[in-house]
Amino acid sequence: MKNKIGFNLFFALISFPVGMALFREIDFKTYSFANPALGVIYLITFIGTIYLTFKHRNNLSDF
């Protein structure tokens, strides 16, 4: 049984604009978010979409 890393294009397309919004939200001089609540939501969403993009796929035909 091979361990294949799946690539989900749908979540990859979602993670790009969320990552760009997160990048704009970070203030690199103080290493903090300009709006902390929105920054945390962007960060959680970005991490979730990256995880779902590269999640292992389970194929039921490979017993």
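By convention here, the first residue in the shown sequence is residue 1.
The distance from atom CD of Glu25 to atom CG of Asn35, rounded to the nearest 0.5 Å, is 5.5 Å. Summarising the geometry, atom CG belonging to Leu52 is positioned 4.5 Å from atom CZ belonging to Phe11; distances are rounded to the nearest 0.5 Å. Atom CZ of residue Phe54 and atom OG of residue Ser15 lie 7.5 Å apart, to the nearest 0.5 angstrom.
Tracing side-chain contacts under 4.5 Å through hydrophobic residues (I, L, V, M, F, W, Y), one reaches Leu13 starting from Leu22; they form part of the same cluster. If you chain together hydrophobic residues whose side chains sit under 4.5 Å apart, Ile41 and Met20 never meet in one group.
Remark: Ser32 pairs with Thr30 by the side chain to side chain donor-acceptor pair (under 3.5 Å) rule, at least two apart or across chains.
Counting only heavy atoms from C-beta outward, the side chains of Phe10 and Ile14 approach each other to under 4.5 Å.
Within the structure, every pair that satisfies the ring-ring contact (aromatic ring centres under 6.0 Å, His included) test and touches residues 13-48, not counting sequence neighbours, is listed here: Phe23-Phe28.
Closest heavy-atom contact between Pro36 and Ala34: CD-O, 3.8 Å.
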